[in-house]
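These numbers come from a predicted model, not from an experiment. In listed order, ligands and their atoms are each counted from 1. This chain uses plain numbering: 1 for the first residue, then up along the sequence.
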Amino acid sequence: MVKAVVGANWGDEGKGKITDMLSQETDIIVRFQGGANAGHTIVNDYGKFALHTLPSGVFYGHTTSIIGNGVALNIPVLFKEIQDIVDRNVPMPKILVSDRAQMVMPYHILFDAYEEERLAGKSFGSTKSGIAPFYSDKYAKIGFQVNELFEPEKLKEKLLRVIVQKNILLEHLYHKPLLDAEELFQTLMEYRQMIEPYVCDVSAYLYQAIKDGKNILLEGQLGSLKDPDHGIYPMVTSSSTLAAYGAIGAGIPPYEIKQIITVVKAYSSAVGAGAFVSEIFGDEADELRRRGGDGGEYGATTGRPRRMGWFDCVASKYGCRIQGTTDVAFTVLDVLGYLDEIPVCVGYDIDGEVTTDFPTTGKLEKAKPVLKNMPGWKCDIRGIKTYEELPENCRKYIEFIEEQIGFPITMISNGPGRNDIIYR
Ligand code: GDP
């Protein structure tokens, strides 16, 4: 059976924790999109880890961790991540990397930084991991798949060809040092050594695994609103963040995905630029940021302070719908225990008209939040194990949001740990 764990919003919903928790009963965990630009934070018996490329299942001896063809594979980052966890006494995980995954090239990272520099104030707030230049090249058909590392002669020839175009941009647009084909080739040969033990025909492997009745989990990065088609374009990421893309980015039939667990956070946070209707500022935001997540709302990859906001029913309803949600995992609820009243965004006012339908970007930028105050519960709910034991106002908050978004909240996360979960 195949499940997907994905985000409904701007990312950082706590997907890593939910995946880690579900991993106990999972045989195979697959990353199907994105790259090392975002990360998951996971707290378990080995310590606290920030993973960028590895799936969250690497901490279990029984799981196989897969990097699917849809991922932007940064080989040295992956290599270092494996090294880091092994150095901290986690047993060497079983890892497979799709032979069709494409590689983030050193120049993708350079181009990402150069373009942000060129755009200056108008930049997208990229993490400069090379993701946008990587996916541009993939779809321009000048990317490099892992399998190409094993045909060095052809690889060299293609490198020479691709570099011509890159060097024209470097010279005339960015005024930066040019690329050297021989040096790049040597780097790729080092990548080959690093990746060789893990390379696999992943779609064939998963085809067999599905036949054998294995439990497979597709792990998404970021969330619905960062999807290039359905999100807040152009302030989006460069690969699809939707569960549907899991079929493509892993190489399995779409009808095999039976459960779509959409992770929704009890308040909002976002990184990077773009419209964020329920955003809050000043002391109110600082306090939520400081108390948020596990040790504050700061980017797992960049350490950047996240933008903060109240729960957004409009964005979350849409985010859940576009994912094809079967279950909502409602996370980080414990953080809200300090508030007397909890504002929730229940509608968008666009030019005087209130809507609960998430609009396209131009309209979104004009939207003002319509807020409703919910009573707080003013206590710490960590450690509570059953739904009935939650304070009444806390249950009212959950049930109100469930009604607004229109998808069943079947899991409630009330702490960062693996076991801080309440099933409904
Ligand atoms: P992801 O990219 O969606 O996995 O999100 P992050 O890595 O940003 O995770 C959000 C943060 O919240 C991490 O530091 C988690 O350890 C933490 N976290 C996840 N669930 C909960 C929860 O229910 N309560 C609290 N307090 N922290 C949580």
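Judged by distance alone, the side chains of Asp112 and Ser129 never bring a donor and an acceptor atom under 3.5 Å apart. With 3.5 Å as the limit, one finds no donor-acceptor pair spanning the side chains of Asn215 and Glu25. If you check the side chains of Thr331 and Lys17, you find no donor sitting under 3.5 Å from an acceptor.
Between Glu287 and Arg291 a salt bridge is recorded (basic side-chain N to carboxylate O distance below 4.0 Å).
Inclusion of Thr331 in the set of residues having an N or O under 3.5 Å from an N or O of ligand 1 is not warranted. The distance criterion of under 3.5 Å between nitrogen or oxygen atoms is met by Asp334 with respect to ligand 1. No N or O atom of Gly11 sits closer than 3.5 Å to an N or O atom of ligand 1.
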If you apply the rule side chain to side chain contact (heavy atoms under 4.5 Å, CB included), what do you find for Tyr397 with Leu333, and how did you get there? CA-CA 10 Å; Tyr397 186 77; Leu333 187 58; 3.8 Å; yes
Please determine whether side chain to side chain contact (heavy atoms under 4.5 Å, CB included) holds for the pair Phe111 and Lys166, giving the CA-CA distance in whole Å, both sets of side-chain angles, and the decisive distance to 0.1 Å. CA-CA 9 Å; Phe111 275 94; Lys166 300 292 170 203; 3.7 Å; yes
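Counting heavy atoms under 4.0 Å from ligand 1, residue Asn414 touches it through the backbone alone.
Relative to atom 12 (O) of ligand 1, the option among Ala266, Gly293, Ala50 with the closest non-hydrogen atom is Gly293.
Under the 4.0 angstrom criterion for non-hydrogen atoms, Gly415 is in contact with ligand 1. Using a 4.0 Å heavy-atom cutoff, Val332 is listed among the residues neighbouring ligand 1. Residue Arg306 places a heavy atom under 4.0 Å from ligand 1. Using a 4.0 Å heavy-atom cutoff, Arg382 is listed among the residues neighbouring ligand 1.
Applying the 6.0 Å contact sphere to CZ of Phe150 captures more than 12 heavy atoms from other residues, nucleotides or ligands.
Near Ser413, meaning under 4.0 Å from one of its heavy atoms, ligand 1 places the atoms 20 (N), 21 (C), 22 (C), 23 (O). Below 4.0 Å from some heavy atom of Asp294 lie the following atoms of ligand 1, by number and element: 12 (O), 14 (O), 16 (O), 17 (C), 27 (N). Ligand 1 places these atoms under 4.0 Å from at least one heavy atom of Lys17: 19 (C), 20 (N).
Listed for the Asn69 side chain is no donor-acceptor partner under 3.5 Å among the backbone atoms of Arg100.
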